[in-house]
There are 2 protein chains.
Amino acid sequence: MSSQIPTGTTEPGSQPRYAAIKAHIRAQIESGEWAAHFRVPSENQLAHDFSVSRMTARRALSELTDEGVLIRSQGLGTFVAEPVPAGSLLEVRNIADEIAARGHSYANRILKLEQTTASTEVSVALGLAEGSAVYHSVIVHLDNDLPIQFEERYTNPTLVPEYLQQDFTAATPNEYLTRVAPLTEADTTVEAIGADDTVGEALEIKSGTACLQIWRRTKSSAGTVSFARLVHPGNRYRLGAQLRF
Amino acid sequence: MSSQIPTGTTEPGSQPRYAAIKAHIRAQIESGEWAAHFRVPSENQLAHDFSVSRMTARRALSELTDEGVLIRSQGLGTFVAEPVPAGSLLEVRNIADEIAARGHSYANRILKLEQTTASTEVSVALGLAEGSAVYHSVIVHLDNDLPIQFEERYTNPTLVPEYLQQDFTAATPNEYLTRVAPLTEADTTVEAIGADDTVGEALEIKSGTACLQIWRRTKSSAGTVSFARLVHPGNRYRLGAQLRF
DNA sequence: CAGTGGTCTAGACCACTGG
DNA sequence: CAGTGGTCTAGACCACTGG
């Protein structure tokens with residue numbers, strides 16, 4: 001980092017300077033030198049230490065934040081992030097129970113609870129005509145006050161007419177539905193996505209953060225009960241399964 | 001975007017300018033105006049259209065690229081990305097067969113095939129003493145020449161002594177292991193991660209891109225055969241399961 | 001208040017692609 | 001060659017946090 005390099009140029013064959021700074025920070029964390037919650041040097045400090053502009057130091061910190069390695073807070077500083085909890089995959093468990101089983105406190109935020117009309121996707125999933133009335137809820141579930149699941153759910157009003165009258169702060173949709181329309185079948189799809197703006201805001205993470213997105217269609221003996229989209233911040237959740245053959 | 005705004009300032013209460021540009025691009029894509037493979041305006045064009053500096057236009061394009069919405073190529077331009085394929089979850093299927101089942105061409109790149117010593121994590125997973133000799137392979141699997149899985153695998157040399165002598169361009173590790181040490185049990189963990197630099201390079205995606213990471217420990221009657229880490233680009237892969245109760 | 005991160009500018013040089 | 005995206009600078013103003 002000592003030789004003079006002209007603007008916008010990188011030494012041939014070497015990595016970009018922001019990448020060198022990222023590597024340095026990762027190395028400190030992996031060696032244990034910088035533990036979780038350790039406050040890493042500020043943008044200005046790194047810019048000085050590595051003889052780069054603040055924008056370049058900033059890029060290193062921003063990318064590591066996007067990658068879940070660091071956490072930034074305006075006015076406070078940048079800190080080393082910490083590891084993750086875990087959930088179940090082959091069962092359809094109630095998130096509140098999962099959290100309680102970990103000995104953590106559970107809470108939620110109800111963002112929407114309304115009747116709406118079925119989009120093409122929702123109508124196909126629930127086996128209803130397009131434009132039919134469906135119930136729609138959006139709830140954020142919190143583990144020790146930290147958002148851990150964004151739940152968007154469409155429910156068949158014929159099978160669960162009382163859905164909108166429930167108090168979901170007391171019992172989650174999963175808990176309620178399991179009681180009134182026992183589960184006989186579930187289709188699940190799992191994928192990784194970058195959070196969009198809506199999800200990012202709800203989960204208090206940056207747009208683009210890697211998230212586990214689970215689509216789940218649940219059926220009871222009477223038909224398809226609901227269609228849910230569950231989004232978990234990648235660094236705050238895992239799914240596990242033990243298979244036997 | 002017409003009023004003069006001083007440097008570094010945003011109109012109070014409004015979103016940042018890069019966010020406005022992102023929203024505009026998303027709107028074009030969602031309305032169908034810009035289909036997959038459509039070439040979006042260049043950084044300079046957007047900078048001119050929105051009266052911002054190129055760095056600000058660039059930020060909008062970069063973030064959308066990180067989020068899997070766009071694909072960028074130096075010298076060519078920036079293009080609208082397209083939707084995704086899908087795989088299976090409850091079985092342990094051979095990726096080459098999955099790809100063939102979709103009617104696509106399969107190929108792979110063998111990055112490593114070596115003997116090494118077991119780290120703490122690997123020794124625990126395989127039930128060996130720390131520092132024991134283990135076989136290690138790193139292979140990238142391609143679907144129609146597009147990287148779709150980064151497979152890093154540690155194998156127990158006692159149970160599969162011929163592992164390093166195999167030609168994995170002809171039969172994948174999964175295929176070979178299934179033949180010589182039939183599967184009796186598998187532990188699977190699924191999570192979302194942002195790609196690190198190694199994985200990003202191997203999968204030809206940007207560091208930080210959302211990926212599905214699957215940890216899988218496979219056992220046969222004789223013991224734990226191998227411990228694998230499978231990383232899929234989030235926008236190129238899905239896992240599905242149908243559960244019955 | 002000084003220090004932090006967040007947004008933004010107007011330039012620069014570079015590697016890479018197609019024609 | 002002109003046009004594209006990739007890296008980088010040296011400044012600016014801002015909102016926010018703690019003391």
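In what follows, chains carry the letters A, B, and so on, assigned in the order in which the sequence lines appear, proteins first and then strands, with residues in each chain numbered from 1. Everything numeric here is computed off the predicted structure, so don't read it as measured data.
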Residue-phosphate contact under 4.0 Å: A:T78 side-chain N/O, C:dT4 OP1/OP2: no
Does any part of the side chain of A:L230, heavy atoms only, come nearer than 4.5 Å to the side chain of A:Y237, both counted from C-beta? no
May I ask you to verify whether the side chain of B:R54 and the base of D:dG6 hold a donor-acceptor pair under 3.5 Å? yes
Between C1' on D:dG11 and CD on A:E43, what's the gap in Å once rounded to a whole number? 15 Å
How does DNA chain C read in dot-bracket, base by base from 5' to 3', with Watson-Crick or G-U pairs under 3.5 Å and | used when the partner is on another strand? |.||||||||||||||.|.
May I ask you to evaluate whether B:R72 reaches the phosphate of D:dT4, defined as a side-chain N or O under 4.0 Å from OP1 or OP2? no
Do A:K206 and B:E63 come within less than 4.5 Å of each other through their side chains, counting heavy atoms only? yes
Spacing of B:Q15 atom CD relative to C:dT7 atom P, expressed in whole Å: 12 Å
Nearest to the A:P16 side chain among C:dT9, D:dT7, C:dT4, which nucleotide is it? D:dT7
Please check the phosphate of C:dC8 (OP1 and OP2 only) for any side-chain N or O of B:R58 closer than 4.0 Å. no
For D:dT4 and B:S73 - does any side-chain N or O of the residue sit under 4.0 Å from the phosphate oxygens OP1/OP2? no
Rounded to whole angstroms, how far apart are CG on A:N44 and P on C:dG5? 8 Å
Answer yes or no: does a side-chain N or O of A:S42 lie under 4.0 Å from OP1 or OP2 of C:dG3? no
Scan residues 69-78 of chain A for pairs that pass salt bridge (charged side-chain N to carboxylate O under 4.0 Å, His left out), counting only residues two or more places apart or in two chains. A:E43-A:R72
On DNA chain C, nearest-nucleotide positions of A:L61 versus A:M55: which is more 5'? A:L61
Can you see if the side chain of A:Y18 gets near the phosphate of D:dC8 - specifically, an N or O under 4.0 Å from OP1 or OP2? no
Roughly, in whole Å, what's the span from CD in A:Q74 to P in D:dG18? 12 Å
Nearest heavy atoms of A:Q149 and A:L203, plus distance in Å: C-CD2, 3.8 Å
